[in-house]
Amino acid sequence: FNPHGNDDLSVDDAGSGSGGGDGRADKNSASDVIRSKLKDIYAEEPEALHELEEAAAKPTGRSKHQQFMYELGTSGKDLAAIQTEWHKYYESLSDREKHKVWQEFYDSQSELTEKPGRGPAPDSPHALAKHKHRVVKGASRDGGTKDIQQSIRDKVSAGGKLQARHHLQSLLFGLGMGAIVVFIFLFGFFNEVFIAPFIQPSRTEAATPIIVSNTNVAPTSKPEVIIPKINVEIPVDYTQTSTNEAIIEDALDNGVVHYPYTAVPGQNGNAAFFGHSSNNIFNQGKYKFAFVLLHNLVKGDTFYLTSKGKVYVYKVIIRKVVEPTEVGVLGPVPGQTATATLITCDPPGTSLKRLIVVGQQISPDPTGNAKATATAAAESTAEPVALPGNGPTLWGRFISTTVGKAIVGGVLLAACLMILRWLNRPAGR
């Protein structure tokens, strides 16, 4: 049953039948029911998209409704505006005119069904509107994705109007931002290498003395190492009893550390002391750069150790770089009665090698020193196989954690996927 058939939307009131007025009343009621149903049917107009197709399919002989849609379609308005104006136009029509609109719609659908190859010109206004409608709503399963991708590419490339200089500017901007990110990353994890050459330990300490003889140095309440040439005055920790490298490295955050089984000032033998040359500025500890300038000492320079109310003066006789495994530098120095050896990592900011500076005790006279004795704790500790270093860097500590490993693994995986996608990209893109 076609509710929009070729009826004239009326019922003959003069029809035959008995009952006179009662018959007319029944017929009028039936007409009202039919009109009500038709009104409900005609309440919603055909889609504007179909009307555009219908108008374009008839280059001549258009009805007034089709002509209205054709002019609306060629006005340059988008589909939403066309739909709105078409709705207003349709609402203003009488029921008879609405009936004609629907009849034209059914006729056009029949023609399209009989001739499936027939369609609107690709460059017609309604075809353009249909294209926009399909792109927005994804109506075409085969072409919708491609249309959306093409639309995005057109927006990104400004409709193909970008010139070579625009692409160059984008490239330079991307490289610049990437360089900034890389610099921040490298500085955050490896700043000990970047800033170590500019560090001057104790520079902010007030009135650090430039010492020329032991008479200028008074023993302090806490033991210290004093190196006038490089402006160092740092406390020394004599309390360590373990040669465990991790323990020694942790203790370096609090100053210079005396190595347990070596001699102490005032004893014959070699007293060994470790200090940081560099450490990450984001790590804890006040003495990250204690011995960063130790390489500036040369033979003949002096340094001082204060211990138990006395000041001991040492003159540099040896300066050299050794491998971390050369633990022999901790032992007595051949031909010397009493020495002190300052040890740090080299180059600063790394733990590749060790810089050692050996000083010969010149004051007080070492002939009055006591004989070196090893503590019980040191005697029970195995001799070390390597000289302590700066300890793990911030990067090393980060990568050793579960979170750090997960983050680095995620970044590497993302980088590999991007590279693979770039290598497998279609030719010409």
Side-chain angles (χ1 to χ4, degrees), residues 211 214 217 219-220 222-227 232 234-245 247-249 251-252 255-275 290-291 294 297-346 353-389:
I211 307 164
N214 64 316
V217 179
T220 61
K222 58 183 178 181
E224 292 182 326
V225 56
I226 301 172
I227 311 174
V232 164
I234 295 175
V236 178
D237 180 6
Y238 285 95
T239 65
Q240 297 303 315
T241 58
S242 173
T243 58
N244 181 277
E245 184 173 3
I247 295 176
I248 297 294
E249 290 170 354
L252 288 174
V256 172
V257 175
H258 171 258
Y259 203 71
Y261 71 76
T262 64
V264 297
Q267 291 181 343
N268 291 330
N270 185 38
F273 301 87
F274 286 87
F291 284 170
L294 194 63
L297 296 185
V298 296
K299 289 183 179 181
D301 288 334
T302 56
F303 61 88
Y304 304 82
L305 294 169
T306 64
S307 177
K308 297 181 179 180
K310 290 186 178 181
V311 178
Y312 298 86
V313 185
Y314 299 85
K315 181 175 69 174
V316 176
I317 58 173
I318 298 173
R319 189 194 74 175
K320 64 179 180 179
V321 175
V322 300
E323 297 294 331
T325 55
E326 294 187 39
V327 295
V329 299
L330 300 172
V333 178
Q336 298 294 329
T337 303
T339 57
T341 300
L342 308 180
I343 305 173
T344 192
C345 290
D346 187 84
K353 296 182 183 295
R354 304 292 184 267
L355 170 66
I356 66 167
V357 174
V358 181
Q360 174 191 45
Q361 182 180 327
I362 58 176
S363 178
D365 191 336
T367 57
N369 286 357
K371 183 180 179 181
T373 57
T375 64
E379 288 176 344
S380 64
T381 304
E383 186 172 336
V385 296
L387 301 173

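Note that the coordinates shown come from a computational prediction; the quantities given were computed from them, not determined experimentally. Values below: all heavy atoms of this structure, side chains included; hydrogens, waters and symmetry mates excluded.
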Q: Rounded to the nearest 0.5 Å, what's the gap from CG on Leu387 to CD1 on Ile356? Could you check?
A: 8.5 Å
(Q) Which heavy atom of Ala263 sits nearest to which heavy atom of Ala271, and what is that distance? (A) O-CB, 2.9 Å
Q) Parallel under 30°, tilted from 30 to 60°, perpendicular over 60°: which one fits the rings of Tyr261 and Tyr259? A) perpendicular
Q | From Glu224 atom CD to Tyr304 atom OH, the distance as rounded to the nearest 0.5 Å | A | 13.5 Å
Q.
To the closest 0.5 Å, what do you measure between OG (Ser363) and NZ (Lys315)?
A. 12.5 Å
Q. From Arg319 CZ over to Leu342 CG, what is the distance, rounded to the nearest 0.5 angstrom?
A. 13.0 Å
Q) Is there a donor-acceptor pair under 3.5 Å between the side chain of Asn270 and the backbone N or O of Thr262? A) no
Q | Evaluation steps, side chain to side chain contact (heavy atoms under 4.5 Å, CB included), between Ile343 and Leu330 | A | CA-CA 9 Å; Ile343 305 173; Leu330 300 172; 3.8 Å; yes
Q. Taking the side chain from Thr341 and the backbone from Ala272, do they hold a donor-acceptor pair closer than 3.5 Å?
A. no
Q) Once the angle between the rings of Tyr238 and Phe273 is folded into 0 to 90°, is it parallel (under 30°), tilted (30 to 60°) or perpendicular (over 60°)? A) perpendicular
Q) In Å, rounded to the nearest 0.5 Å, how long is the span from CD1 of Ile227 to CZ of Phe291? A) 4.5 Å
Q: Give the minimum heavy-atom separation between Thr339 and Gln360, together with the two atoms involved.
A: CG2-CA, 4.3 Å
**Q.** Value rounded to 0.5 Å, distance of CG in Asp237 from NZ in Lys222
**A.** 11.5 Å
Q. What heavy-atom pair brings Tyr314 and Gly359 nearest, and what distance separates the two atoms?
A. CD2-O, 3.5 Å
Q) Going by an N to O cut-off under 4.0 Å, is there a salt bridge joining Glu323 and Lys353? A) yes
Q) Can you tell me if Asn268 and Thr337 form a side-chain donor-acceptor pair at under 3.5 Å? A) no
Q.
Would you say that Gln336 contacts Val358 through its side chain, given a criterion of any heavy-atom pair below 4.5 Å between the two side chains?
A. no
Q: Kindly say whether Ile248 contributes a backbone atom to a donor-acceptor pair with the side chain of Glu245 at under 3.5 angstrom?
A: no
Q: Evaluate the side-chain proximity of Val329 to Arg354: yes if any heavy-atom separation is below 4.5 Å, no if none is.
A: no
(Q) Donor-acceptor pair, distance only, cut-off 3.5 Å: does the side chain of Thr344 make one with the backbone of Gly275? (A) yes
